[in-house]
Amino acid sequence: MTAADLTLELEDVRAELGRLSAVLPERIDIDPDDVERGLAGLVLGLVELLRQVLEKQAVRRMEVGTLSDDEIERVGLALMRLERKVRELAENFGLDEDDLRIGVGVAS
């Protein structure tokens with residue numbers, strides 16, 4: 001890479017920084033409560049998504065008969081407790097059901 005190439009590259013970077021600075025606000029106002037709430041929403045949304053996937057798998061396995069009655073009881077109880085805990089934590093952070101919805105192709 002020549003000095004001329006480096007100069008052109010540097011000019012491109014400066015131009016991109018100029019474009020970004022025109023779009024971004026001068027100051028970013030970060031409220032710690034909003035950050036905490038957003039992170040809680042993301043984590044709880046992921047947990048809820050996994051719970052729904054596990055529930056669907058359990059139903060499929062139950063329908064094809066690969067779960068014993070005892071396993072069905074244990075899985076159902078665990079999923080109910082997990083759902084209750086997710087709702088409880090969501091309420092503590094002031095989140096509603098829409099805040100926990102992560103759209104990645106799994107129907108809720």
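Computed from a predicted model, the values in this text were never measured in an experiment.
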*In terms of hydrophobic clustering (I, L, V, M, F, W, Y; side-chain heavy atoms under 4.5 Å; direct or indirect links), are V75 and L82 co-clustered?*
no
_With a sphere of 6.0 Å drawn around CD of E71, does it hold more than 12 non-hydrogen atoms of other residues, nucleotides or ligands?_
yes
*Rounded to the nearest 0.5 Å, what's the gap from CZ on R61 to OG on S68? Could you check?*
9.0 Å
*Indicate yes or no: does R84 engage E88 in a salt bridge with an N to O separation below 4.0 Å.*
no
_Tell me if a side-chain donor or acceptor on R37 pairs with a main-chain N or O of G94 at a distance below 3.5 Å._
yes
_Please report the interatomic distance CG(D99) to CG(L42), rounded to the nearest 0.5 Å._
11.5 Å
*Do NZ/NE/NH1/NH2 and the carboxylate oxygens of E63 and R60 come within less than 4.0 Å?*
no
*From CA spacing to verdict: salt bridge (Lys or Arg N to Asp or Glu O under 4.0 Å), R87, E83*: CA-CA 6 Å; R87 301 290 177 238; E83 182 178 17; 3.8 Å; yes
*Pairwise distance CZ(R51) to NZ(K85) - rounded to 0.5 angstrom*: 15.0 Å
_Is it the case that over 12 heavy atoms from other parts of the model lie below 6.0 angstrom from the CG atom of D69?_
no
*asked:* For residues L49 and L79: do they belong to one hydrophobic cluster (side chain heavy atoms under 4.5 Å, members Ile, Leu, Val, Met, Phe, Trp, Tyr)?
replied: no
_Distance-minimising heavy-atom pair for I72 and L67_ = CG1-CB, 3.7 Å
*Hey, could you give me the CD/CG distance between E91 and L44, rounded to the nearest 0.5 Å?*
12.5 Å
